[in-house]
Amino acid sequence: MSFGTVPVRNLRTPLILLVLLSPLWMGCAPVSPDARVVTLRLAAISWNAHQGILQVETTVPEEDPYGTLGRIELSLLDPSGRELLRGAYCACPEVNPVPPGAFGLYRIGADGGCRAQEVVSAGIGADRPATSGGFTLMPGSEASRKDGILTLKWVLRADEGLEPGVYRVRARAVPRHRSPPEWHVVARLDVIDSTRGETVAEPAGGTATTAPASSSGLQRVLGTSEPAAGLRALPALVAKGADAAGAERVRKELLQRLLHEKAFSAGRERHTVEEVQRVYEHLLLEPDLLRFRVVIPADLPAVRFLYLSVVEGREHETSPPENTGWALPKIDAARAVLSPDPWVVSAALFLARKTALRLDLADLATRRRGRGWDAECSRQAILYMARLNAGALGDDGAALMARLAGTVEAVPEGVCLLQPVAFWVSSGRPAATHWADPRIVPLDLVYRDNTMEEIGRRRVAFPTGDLLELPPSRNFLSLEAQDGHVEGHSRRIQPRGGRLLRLPVALRGRV
């Protein structure tokens, strides 16, 4: 695992020198000629999705135990960039802001601010409850010192479930009698759903290798007269460290403008939003034969597929067949998976899965450790890899699968598991409410022989987990919805043993 590092200043300047060199009457911070860089490191991080427990271990050198360092702080940002919690450990003999050797949690105000006077102390080893902002600092949090290194173990419990998304873990060491240094992101927590999540350490250094994109760059993109051109410029700003919430707002507004214009160009080709949506739904209806028991109730949001088509779409090198046209621009999904933009990555994984494209799983594992990876990327990567056998999965794929999905079971050879994925067919425009709960949609399981003659039908109900166990068969099965208010169907497929059959059902409302 690569470790994130956080530079902080360790000041050992004599008091008289501070007085002589620091023009405090001018409001300037003192500067020490012998200031050294001290490094705070992320040693370990883990997330238990079932218990909602986040454990973070940090280390920092201490030249003078209980002397130079004031406190160590840990912070967690939600997917929108809002601070959810801030913890503190007092590393000096002063109350700063909790008693010496004690842990605590700041109270985060409605304005997002924290004040040292409003810290809930958990005592030494977090031996008494400290709760703030929906998190509790748990017993087991501890500090230890050895060979000049201060090691802190933080054990934090999310008292309510976390919404899917990417959460950023920040850390900093605050020297005594100095203003706090800047925060540095040392890891992230990717919450996939209520049962899955993973932690990823940021690359060593804890900072991006390129200068962050300024807000003016996002404003320039937003001001582009052609929304497709603005969308194509967005991944480069994401790669430069553009504010995630700001990039999300710009992407949403440009997509709304594109939906209003209903078309975009890829070179000399002209494509409509409706055409892209139809291709998306055609791909979505393709069944997935998974070798592992992974239950993901929905699939890629339609608007992400549209985004991929615009950002990565290129003009075809050849003309379409006579009297036809290209419904979709040319897309290199293998290249798109390496994009810095999580919307592009997730949609490229969807396209690769639905078209049986072979991806380099070592490259995918490397990409997952980089910036710009979100919960939808993890879901799509799980579904892509769950189709593969052990040989195609390899060591890299197996390790990545374990990181993303936790403990997964292979489907027994004598069993076929069925999972419906019900979705509402759109009117040619990506829909905001796309997915339907198959447990409340009346579905019939229909069997046909090899001549496609119907030989059996029965109403099915899906238990919790949305899986139905079936015996393997050479006949073909499909799912149909026949009700007074809804109708729909899936494609036909043979139920094979050792597979989880993920079967999309296209629903239409009846008038």
Side-chain angles (χ1 to χ4, degrees), residues 2-12 29-32 35-45 54-78 81-92 94-98 100-109 112-116 118-120 122 132-133 135 137 141 143 145 148-156 167-189 199-208 212 241 243 371:
S2 59
F3 299 128
T5 61
V6 181
V8 295
R9 296 292 179 184
N10 184 353
L11 302 180
R12 300 282 295 157
V31 177
S32 170
R36 295 193 308 107
V37 174
V38 176
T39 303
L40 186 150
R41 294 185 179 276
L42 173 74
I45 184 168
L54 176 66
Q55 292 195 43
V56 183
E57 188 172 308
T58 60
T59 63
V60 63
E62 272 190 320
E63 181 179 322
D64 179 8
Y66 303 100
T68 55
L69 292 176
R71 63 183 179 274
I72 312 297
E73 294 185 335
L74 192 76
S75 173
L76 183 69
L77 305 182
D78 72 6
R82 181 176 63 91
E83 189 170 34
L84 287 180
L85 73 86
R86 184 183 299 185
Y89 170 79
C90 185
C92 68
E94 303 169 354
V95 177
N96 182 23
V98 293
F103 289 84
L105 289 182
Y106 286 86
R107 295 187 188 277
I108 300 176
C114 297
R115 287 178 290 276
E118 297 183 358
V119 175
V120 182
S132 180
F135 283 83
L137 193 59
S141 301
R145 289 176 167 86
I149 300 294
L150 168 62
T151 299
L152 297 182
K153 180 181 177 182
W154 308 78
V155 183
L156 297 152
Y167 295 74
R168 301 289 176 183
V169 180
R170 307 185 301 175
R172 66 183 181 185
V174 183
R176 294 178 68 185
H177 313 305
R178 290 285 291 175
S179 299
E182 293 184 358
W183 289 104
H184 288 271
V185 176
V186 295
R188 71 172 188 256
L189 165 63
T199 55
V200 182
E202 291 292 335
T207 57
D243 172 64
R371 295 178 181 273

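For the numbers below, each heavy atom of this structure counts, side chains included, while hydrogens, waters and symmetry mates do not.
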Looking at [atom1] of [X] and [atom2] of [Y], how far apart are the two atoms once the value is rounded to the nearest 0.5 Å?
| X | Y | atom1 | atom2 | value |
| --- | --- | --- | --- | --- |
| Asp78 | Tyr167 | CG | OH | 6.5 Å |
| Glu182 | Arg170 | CD | CZ | 10.5 Å |
| Leu85 | Leu76 | CG | CG | 5.0 Å |
| Ser132 | Leu137 | OG | CG | 10.5 Å |
| Thr151 | Glu62 | OG1 | CD | 9.5 Å |
| Leu42 | His184 | CG | NE2 | 14.0 Å |

With Leu74 as reference, evaluate Leu105, Val186, Val56 under the side chain to side chain contact (heavy atoms under 4.5 Å, CB included) test and give the passing residue.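 The passing option is Val56.
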How close do [X] and [Y] get, counting heavy atoms only, and between which atoms?
| X | Y | result |
| --- | --- | --- |
| Gly104 | Val98 | CA-CG1, 4.1 Å |
| Glu83 | Ile108 | O-CD1, 3.6 Å |
| Ala91 | Leu150 | CB-CD2, 4.1 Å |
| Ala88 | Tyr106 | CB-CE1, 3.7 Å |
| Ala173 | Pro181 | O-CG, 3.3 Å |
| Ile149 | Thr59 | CG2-CB, 3.8 Å |

Are the ring centres of Trp154 and Phe103 closer than 6.0 Å?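 Ring centroids of Trp154 and Phe103 are less than 6.0 Å from each other.
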Could I get the full list of salt bridge (Lys or Arg N to Asp or Glu O under 4.0 Å) partners for Glu94, not counting sequence neighbours?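 Counting only residues at least two positions away or on another chain, Glu94 forms a salt bridge (Lys or Arg N to Asp or Glu O under 4.0 Å) with Arg176.
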Can you find a heavy atom in the side chain of Leu152 that is under 4.5 Å from one in the side chain of Val60?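 Side-chain contact under 4.5 Å: no.
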Is it true that a side-chain atom of Ser75 and a backbone atom of Arg86 form a donor plus acceptor pair closer than 3.5 Å?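 No, the answer is negative, given that no donor and acceptor are paired below the 3.5 Å cut-off.
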So, the side chain of Thr199 versus the backbone of Ile45: is there a donor-acceptor pair under 3.5 Å, distance only?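 Yes; at least one donor-acceptor contact below 3.5 Å.
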